[in-house]
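Quick notes on the structure that follows.
This chain uses plain numbering: 1 for the first residue, then up along the sequence.
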Amino acid sequence: MSNGAFHFPEPVNEPVLSYAPGSRERRELEAALPRVAKEQPEIPVRVGGAEHRGGAVSTVTMPHAHREVIAKVHHATGKHVEAAIDQALRAAPAWRAMSFADRAGIFMKAADLLAGPWRARVNAACMLGQSKTCYQSEIDAACELIDFLRFNVHFADRILAEQPISSPGVWNRSEYRPLEGFVFAVTPFNFLAIALNLPTAPAILGNVVVWKPATTTMLGVHVMMELLREAGLPDGVINIVPGDGPEQGQAALASPHLAGIHFTGSTTTFRALWRGVGERIDQYRAFPRIVGETGGKDFIVAHPSADPTAVATAILRGGFEFQGQKCSAASRVYLPKSLAAAVTERVVSEAATIRMGDVRDFSNFMGAVIDERAFKKISGYLDLANSTARVHTGGKAHGETGWFIEPTFAEVDDPAHRLMQEEIFGPVVASYTYDDARYDEVLSLIDGTSPYALTGAVFARDRGVIAHTTERLAECAGNFYVNDKPTGAVVGQQPFGGGRASGTNDKAGSLWNLVRWVSPRSIKETSASPTDHRYPHMG
């Protein structure tokens with residue numbers, strides 16, 4: 001065993017590559033896309049070092065070209081989940097005993113591999129599987145995931161270094177142990193970085209994981225697990241149990257060894273998991289840690305002093321990038337009467353220039369929504385907008401070759417309209433126009449209209465207004481933006497998460513999330529033990 005107080009490289013955010021015409025990264029990605037498209041892996045249930053098949057099988061297609069198959073995924077049965085839990089518990093003692101330096105080395109190597117020789121392949125898998133443009137994939141599957149891996153090592157090192165004071169004759173120390181049992185990670189389709197962060201963050205701190213990814217992300221997950229094995233991750237530390245959710249979730253919740261849930265997804269599913277834990281609370285060896293980031297109905301509020309061009313740009317980028325499939329996406333906008341026409345005109349004119357189509361065409365700004373189910377749901381909101389609101393641009397869906405939804409900007413007269421309250425998870429933004437003199441009333445509307453509290457933004461030139469709005473909307477958004485769109489949180493810069501119906505606000509991309517995956521033990525050692533029970537006051 002090596003001895004030494006090791007220092008880890010100070011993390012810095014991974015630079016975002018441009019993919020400009022003629023660039024090296026563009027040539028490499030253009031070459032990787034057809035190679036990855038042809039792989040069409042048959043992805044098994046992964047339990048320890050073994051591959052299992054036998055459950056239902058899903059076919060995964062490209063959202064922007066839904067006749068092109070990119071993978072087939074075997075679903076885990078309840079028995080597979082039980083086997084995955086057993087393998088995780090078998091792997092736990094050796095993984096827990098491994099030094100933090102050695103565990104950290106695996107994930108730092110994974111980050112370096114992703115930043116270098118694996119970058120094009122991972123980006124290609126993300127583009128094809130999730131219909132992200134090269135830029136959206138770069139900031140997600142490459143940069144954010146690299147940042148999660150490097151910064152989480154840094155945050156974990158800071159946690160381990162936190163030690164108590166000692167009085168004379170006493171040595172106090174804190175030991176940071178993994179949770180007793182396994183962590184159940186449930187991850188969404190929309191961010192590959194989040195999908196990998198949820199199992200790897202607990203693993204860095206010595207936990208073992210059973211991971212249920214979204215089926216539609218399985219191509220990217222498959223490639224990333226190959227990368228983690230290349231980096232040296234031992235079998236059994238992270239076990240993958242794909243599927244639609246209920247069967248895998250029920251089997252995980254049934255185990256007395258459930259130590260925690262790390263979740264990103266819908267509010268409805270998170271509540272169901274939490275309810276399931278509560279119903280079984282007497283059977284667990286310990287109280288499970290529950291960490292979740294869920295939905296959002298994210299707002300932009302413009303003050304009369306705002307720059308209308310900046311507001312319009314925030315709507316276009318915040319509402320339509322990655323087809324609005326971000327829990328932080330701008331979805332409801334409050335415009336003062338003095339600026340509404342200028343902002344709307346700018347949004348309409350710029351939306352007309354947005355190219356939407358196959359993401360393998362690098363000139364496109366938007367791709368397709370993730371699958372037919374999402375397409376039908378969002379199409380229903382388009383019908384609602386067309387029948388009950390003024391649709392200034394967009395409003396149509398095209399499902400012949402891919403699941404394409406036009407970027408849609410609609411205006412409503414009722415601030416309690418469904419388009420202003422319900423999470424759509426698509427490129428549909430609703431606006432409400434208010435009288436300039438009623439700005440404070442609008443802040444109350446924002447606070448009371450939606451059950452969510454994830455992200456929000458204020459646009460204003462008046463500093464007093466910015467300060468007042470920031471304070472007034474303190475409970476409305478866990479991530480609040482001033483004169484910027486409400487999306488694009490960066491690891492280490494804007495720790496991400498919200499409250500109310502948006503989750504537990506445990507802030508992915510920060511030390512606060514990592515703290516949830518350790519179980520501290522306080523150790524007191526006395527040099528000269530007392531030999532008389534009497535105290536001085538008794539004399």
Side-chain angles (χ1 to χ4, degrees), residues 14-44 46 51 59-65 68-73 106-150 187-200 211 213-233 238 240 242 322 358-362 364 367-368 370:
E14 179 70 11
V16 180
L17 303 183
S18 71
Y19 296 87
S23 64
R24 176 182 174 181
E25 65 266 17
R26 181 167 178 142
R27 291 194 301 270
E28 292 176 346
L29 183 53
E30 287 176 333
L33 282 164
R35 287 201 306 268
V36 174
K38 289 178 182 178
E39 289 177 4
Q40 298 184 15
E42 187 171 316
I43 302 171
R46 186 167 293 281
E51 297 180 353
T59 298
V60 182
T61 62
M62 299 182 197
H64 46 270
E68 294 192 44
V69 175
I70 51 174
K72 291 188 176 179
V73 180
I106 294 169
F107 297 101
M108 289 192 297
K109 181 176 180 179
D112 288 343
L113 291 173
L114 179 52
W118 285 71
R119 193 180 201 123
R121 186 181 175 203
V122 170
N123 267 330
C126 183
M127 289 175 67
L128 298 174
Q130 289 150 276
S131 200
K132 293 202 171 190
T133 64
C134 64
Y135 180 74
Q136 290 293 309
S137 181
E138 170 72 6
I139 61 177
D140 166 24
C143 297
E144 186 173 23
L145 182 47
I146 293 165
D147 287 349
F148 272 132
L149 294 169
R150 290 175 175 163
T187 63
F189 79 83
N190 56 335
F191 282 94
L192 195 57
I194 293 174
L196 268 293
N197 181 53
L198 268 58
T200 57
W211 176 18
T215 303
T216 45
T217 62
M218 283 304 299
L219 178 63
V221 167
H222 173 71
V223 173
M224 278 305 308
M225 279 305 297
E226 288 186 355
L227 187 154
L228 288 174
R229 289 196 295 275
E230 175 76 12
L233 184 71
I238 296 176
I240 302 181
F322 187 42
D358 194 317
V359 293
R360 289 170 289 189
D361 178 350
F362 283 28
N364 285 324
I370 191 65

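Rounded to the nearest 0.5 Å, atoms CE (Met225) and CZ (Arg46) are 6.5 Å apart. To the nearest 0.5 Å, the span separating CG on Asn190 from CZ on Phe322 amounts to 6.0 Å. In this structure, CG in Leu219 is found 9.0 Å from CE in Met62, a value given to the nearest 0.5 Å. The CG atom of Leu198 lies 8.0 Å from the CZ atom of Phe148; values are rounded to the nearest 0.5 Å. Expressed to the nearest 0.5 Å, how far CD of Gln136 lies from OG of Ser131 amounts to 11.0 Å. Taking CD1 of Ile70 as the start and CE of Met218 as the end, the distance is 11.0 Å to the nearest 0.5 Å.
Judged by distance alone, with hydrogens and angles left aside, the side-chain atoms of Thr200 form a donor-acceptor pair with the main-chain N or O of Leu196 at under 3.5 Å. With hydrogens and angles ignored, the 3.5 Å screen pairs no side-chain donor or acceptor of Asp358 with any backbone N or O of His64. For Ser23 (side chain) and Ala20 (main-chain N/O), a donor-acceptor pair under 3.5 Å exists by modelled atom type.
Under the rule for a side-chain contact (heavy atoms from CB on, under 4.5 Å), the partners of Ala110 that lie at least two apart in sequence or sit in another chain are Leu149, Leu227, Leu228, Ala231. Every residue two or more places apart in sequence or in another chain that forms a side-chain contact (heavy atoms from CB on, under 4.5 Å) with Val16 is listed here: Tyr135, Glu138, Ile139, Cys143. In terms of the salt bridge (charged side-chain N to carboxylate O under 4.0 Å, His left out) criterion, Glu144 has no residue partners (sequence neighbours excluded). Residues that satisfy the salt bridge (charged side-chain N to carboxylate O under 4.0 Å, His left out) test with Asp147, not counting sequence neighbours, are absent from this structure.
Between Glu25 and Arg119, none of the side-chain N atoms (NZ, or NE/NH1/NH2) sits under 4.0 Å from a carboxylate O, so this pair counts as no salt bridge. Taking 4.0 Å as the cut-off between side-chain N and carboxylate O, Glu230 and Lys109 do not count as a salt-bridged pair.
Applying the side-chain hydrogen bond (donor to acceptor under 3.5 Å, both in side chains) test to every pair with at least one member in residues 216-227, sequence neighbours left out, gives these pairs: Arg121-Glu226, His222-Glu226.
Scanning both residues, Arg27 and Gly22, for their nearest heavy atoms gives NH1-O, 2.8 Å. Between Asn123 and Ala141 the shortest heavy-atom distance is OD1-CB, 3.9 Å. Heavy-atom minimum distance, Trp211 versus Ala195: CZ2-O, 3.1 Å. Across all non-hydrogen atoms, the minimal contact from Leu192 to Gln130 is N-NE2, 3.7 Å. Nearest heavy atoms, Ile106 versus Gly232: CD1-O, 3.5 Å. The heavy-atom pair separating Thr187 from Pro199 by the smallest distance is CG2-CD, 4.4 Å.
Side-chain contact check for Asn197 versus Phe191: every heavy-atom pair is 4.5 Å or farther apart. Put simply, the side chain of Pro213 reaches to within 4.5 Å of the side chain of Ile240, judged on heavy atoms. By the 4.5 Å heavy-atom criterion applied to side chains, Leu114 and Val122 are counted as neighbours. Inter-residue side-chain proximity for Cys126 and Asp140 is flagged as met; some heavy-atom pair is nearer than 4.5 Å.
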Contacts under 3.5 angstrom, residues 28-38 side chains, donor-acceptor by atom type, not counting sequence neighbours:
{"unit_1": "Glu28", "atom_1": "OE2", "unit_2": "Arg24", "atom_2": "NE", "d": "3.0"}
{"unit_1": "Glu30", "atom_1": "OE2", "unit_2": "Arg26", "atom_2": "NE", "d": "3.3"}
{"unit_1": "Arg35", "atom_1": "NH1", "unit_2": "Ala31", "atom_2": "O", "d": "3.3"}

